[in-house]
Q: 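Take this structure first; my questions come after.
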Amino acid sequence: MINLLNYTLPELTDWMQTELGEPKFRAVQVWQWIWQKMARDFDAMSNVSKACRARLAETARIDWPEVARVQESSDGTTKFLLRLEDGALVETVLIPSDSREGVRRWTQCLSSQVGCAMGCTFCATGDMGFERNMTMGEILGQILVAREHLGDNRPDWPVLRNLVFMGMGEPLLNLREVMRALQSLNNDKGLNFSPRRITVSTCGIEKGLAELGASGLAYLAVSLHAPTQELRARIMPKAARWPLDQLLAALKSYPLKTRERITFEYLLLGGINDGPGQAEELARLVADIKGKLNLIVYNPAEGAPYAAPDEARVLAFEQCLWKRHITAIVRKSKGQDIKAACGQLKAASTGEI
Ligand code: SF4
């Protein structure tokens, strides 16, 4: 039986027309029930005829990922371990932020692959290796689980505001399903996330970067983590196969909308990439690119290969960038008490950490 979460709206329309003989508007109704009203049962689709609902139930299903575990941190960060149809486990994290008026909004960190082939040396998911790509339905199913958890059912007042593809996997190595997910997210009859509410974070994959840029369907974040090719090759050996100078040249010509900037992610690893000279090199590297830097303080798990950076060095690193007119913000890790870093919950649940 077909899981309808895996169909884009044009695909659903085509399938319902050819297989069920239903008109186009019926597919739009079903699509709205699935993504906006979060129906998991065809019987709930009250504006769809009984005969059509019966035919749908015979040939299709609406299967969400199953919640295997939920952990909530003292700061509100909530991490879900999800079990997919074949038993594969992935993680997704909800991160809260409160406005000055005390209104709580959420950002969701999405996974795009089961495991990851990139093997970045600081990452728990990298340690697991690659299992498989996630389908569009599995990628978007993470959002349905989160919206249900949040009781987020008012399209005019969504509390889940932003999505970041920063969970397990390298999204640009699962380009087909990630692009289909982005197209579906952008549909105002469905989840209706505009591109400026979505960020795809990548180590930099040449072909995927060009296609994502041409689509204009999401903002871009690039994981740099080192100011030189040599150090990057040590920390992120597979990502560094696309040399740093070529990656930066591609970013210089990356198509950006007005007011859009590329976010550079830079994980500060104690004594490895957090020196004052490295801050200067980094400033030189990104000076010509319309971007901003997120400095993320490394939060070592037990047995991790790196140490947390010294607080004074973090401050000096940030100041050095500001002095060179580079926008840099130190991001505090959230959810430290629940292993909220990518891959840590799955690794803990399978006894790997
Ligand atoms: Fe993969 Fe991202 Fe982890 Fe690197 S940091 S191994 S790209 S999941």
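Each residue takes its place number in the sequence, starting with 1. One-based numbering, in listed order, for ligands and for the atoms of each.
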Q: By number and element, which atoms of ligand 1 are closer than 4.0 Å to a non-hydrogen atom of Gly119?
A: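 Reading through ligand 1 atom by atom, the close ones are 6 (S).
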Q: With rounding to the nearest 0.5 Å, note down the distance linking CD in Gln113 to CZ in Phe165.
A: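 Interatomic distance, Gln113 CD to Phe165 CZ, rounded to 0.5 Å: 12.0 Å.
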Q: If only side-chain N and O atoms count, and only distance matters, is there a donor-acceptor pair under 3.5 Å linking Thr92 with Gln108?
A: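 Thr92 and Gln108 do have a side-chain donor-acceptor pair below 3.5 Å.
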Q: For atom 3 (Fe) of ligand 1, tell me which residue out of Gly115, Ser201, Ser112, Cys123 has the closest non-hydrogen atom.
A: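 The residue whose heavy atom sits nearest atom 3 (Fe) of ligand 1 is Cys123.
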Q: I want to confirm something. Looking only at heavy atoms, which of Gly169, Ala239, Gly126 is nearest to atom 2 (Fe) of ligand 1?
A: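 Checking each option, the heavy atom nearest atom 2 (Fe) of ligand 1 is found in Gly169.
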Q: In terms of atom number and element, which parts of ligand 1 are under 4.0 angstrom from non-hydrogen atoms of Cys203?
A: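 Every atom of ligand 1 under 4.0 Å from some heavy atom of Cys203: 7 (S).
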Q: Establish, yes or no, whether the cationic atom of Arg26 lies under 6.0 Å from the six-membered ring centre of Trp15 and within 45° of the ring axis.
A: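 Not satisfied by the 6.0 Å and 45° rule.
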Q: Applying side-chain hydrogen bond (donor to acceptor under 3.5 Å, both in side chains), name anything that partners Arg53, two or more places apart in sequence or on another chain.
A: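 Result, side-chain hydrogen bond (donor to acceptor under 3.5 Å, both in side chains) vs Arg53: none returned.
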Q: For ligand 1, indicate whether the residue Cys116 contacts it via side chain, backbone, both or neither (heavy-atom separation under 4.0 Å).
A: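 Just the side chain.
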Q: For Thr228 and Glu230: C-alpha separation, side-chain torsions, deciding distance, then whether side chain to side chain donor-acceptor pair (under 3.5 Å) applies.
A: CA-CA 5 Å; Thr228 61; Glu230 190 218 344; 4.9 Å; no
Q: Distance under 4.0 Å to a non-hydrogen atom of Met118: what atoms of ligand 1 satisfy this?
A: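 So the answer, numbered in order with elements, is 1 (Fe), 7 (S).
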